[in-house]
> 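Sharing a structure with you now.
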Amino acid sequence: MWCVVFVKDREEKNTEEFIAGLLSESLNARCFHLTRSRRKKFKGQWHTVCEDLFPGYVFIDTDQPDRVFGELKKASRPKLLFSDEAYVSALEPQESDFMEKLADRNGVIGISVVNIAGDGTVRYLSGPLVNVKSQVRKVNFHKRVAELEISLLGKKRILYLGIELEGING
């Protein structure tokens, strides 16, 4: 199960280190923030960039969410954010399952390789979109992103994940 901790933007890495030091090894918890790799064009060249997917969110993967929540409640408030109760939430099981299909163990969502079949349909050849192709709403080949609509923490969110066209580099 995944829990999410709300932190100040750009404090994700520091919070991960703080939480990792706070939680005992017996909790077997993995702490990370989600990033996505995608292709962007600047100065006439395509470059691979890595961006935070949900700025201000740090995720904890654990099979003991109640114990993790208890340990986090003991932490000093300035290190974690917002009210006494509202800075930690648990994702629904289907939300955790979906995010595990996208991200690797370090929280990185890689670029998916796609091509266009003769009939114009998009085929997902490799990468995280292979696992969730039914969730893709739209593919923008010009910007090299696939658009997915998901539900996360009770809200509809649009994710833009990176694609690369088979056989077309740079």
> Between Arg30 and Trp2, is the side-chain contact (heavy atoms from CB on, under 4.5 Å) condition met? List the steps.
CA-CA 9 Å; Arg30 180 173 58 100; Trp2 284 21; 4.1 Å; yes
> Is there a path of hydrophobic side-chain contacts, each under 4.5 Å between heavy atoms of I, L, V, M, F, W or Y residues, that connects Leu129 with Leu159?
yes
> Check whether Val58 and Phe69 end up in the same hydrophobic cluster, where Ile, Leu, Val, Met, Phe, Trp and Tyr are linked by side-chain heavy atoms less than 4.5 Å apart.
yes
> Under the criterion side-chain contact (heavy atoms from CB on, under 4.5 Å), I'd like the reasoning laid out for Ser26 against Arg67: C-alpha separation, chi angles, the key distance, then a yes or no.
CA-CA 10 Å; Ser26 68; Arg67 282 189 58 207; 3.3 Å; yes
> Looking at CG of Leu23 and CD1 of Ile60, how far apart are the two atoms once the value is rounded to the nearest 0.5 Å?
5.5 Å
> Val132 versus Ile150: any side-chain heavy-atom pair under 4.5 Å?
no
> Find out whether His33 and Thr15 are in side-chain contact, i.e. whether some heavy atom of one side chain is under 4.5 Å from a heavy atom of the other.
no
> If we only count heavy atoms from C-beta on, is the Phe141 to Leu165 side-chain gap below 4.5 Å?
yes
> Within the 4.5 Å heavy-atom criterion, are Phe98 and Leu91 side-chain neighbours or not?
no
> May I have the step-by-step check of side-chain contact (heavy atoms from CB on, under 4.5 Å) for Val139 and Tyr124, ending in yes or no?
CA-CA 11 Å; Val139 176; Tyr124 302 93; 3.6 Å; yes
> Is there side-chain contact between Ser37 and Val108, with heavy atoms separated by less than 4.5 Å?
yes
> If you compare all heavy atoms of Ala90 against all heavy atoms of Met1, which two are closest, and at what distance to 0.1 Å?
CB-SD, 4.3 Å
> Within this structure, what is the CD-CD1 distance for the pair Glu12 and Ile19, rounded to the nearest 0.5 Å?
11.0 Å
> Is the backbone of Leu152 close enough, under 3.5 Å, to the side chain of Arg157 for a donor and an acceptor to pair up by distance?
yes
> Leu148 pairs by side-chain contact (heavy atoms from CB on, under 4.5 Å) with which of Arg137, Lys138, Gln135?
Gln135
> Just how far is it from atom CD of Glu51 to atom CZ of Arg36, taken to the nearest 0.5 Å?
4.5 Å
> For Val145, is there any backbone N or O sitting under 3.5 Å from a side-chain donor or acceptor partner on Arg38?
no
> Could you see if Val5 belongs to whatever hydrophobic cluster contains Leu27? Use Ile, Leu, Val, Met, Phe, Trp, Tyr and a side-chain cutoff under 4.5 Å.
yes
> Going by distance alone, is a donor N or O of one side chain under 3.5 Å from an acceptor N or O of the other, for Glu164 and Trp46?
no
> Parallel, tilted or perpendicular for Phe59 and Phe32, by the 30°/60° rule?
parallel
> Are there more than 12 heavy atoms of other residues, nucleotides or ligands under 6.0 Å from atom CD of Glu25?
no
> Are the side chains of Val130 and Ser112 in contact, using a 4.5 Å heavy-atom criterion?
no
> Below 4.5 Å, heavy atoms only, C-beta onward: do Leu53 and Thr35 meet side chain to side chain?
no
> Does Leu22 share a hydrophobic cluster with Val68, counting links as ILVMFWY side-chain heavy atoms below 4.5 Å and allowing steps through other members?
yes
> When you group the ILVMFWY residues by side-chain heavy-atom contacts below 4.5 Å and let the links chain together, are Val122 and Ile109 in the same group?
yes
> Can you confirm whether Asn140 sits close enough to Glu147 that some side-chain heavy atom of one is under 4.5 Å from a side-chain heavy atom of the other?
no
> Working to the nearest 0.5 Å, report the span between CG of Leu125 and CG of Asn115.
4.5 Å
> Supply the atom-to-atom distance Met99 CE to Asp97 CG, rounded to the nearest 0.5 angstrom.
11.5 Å
> Going from CZ on Phe54 to CG on Leu153, what distance comes out if it is rounded to the nearest 0.5 angstrom?
8.5 Å
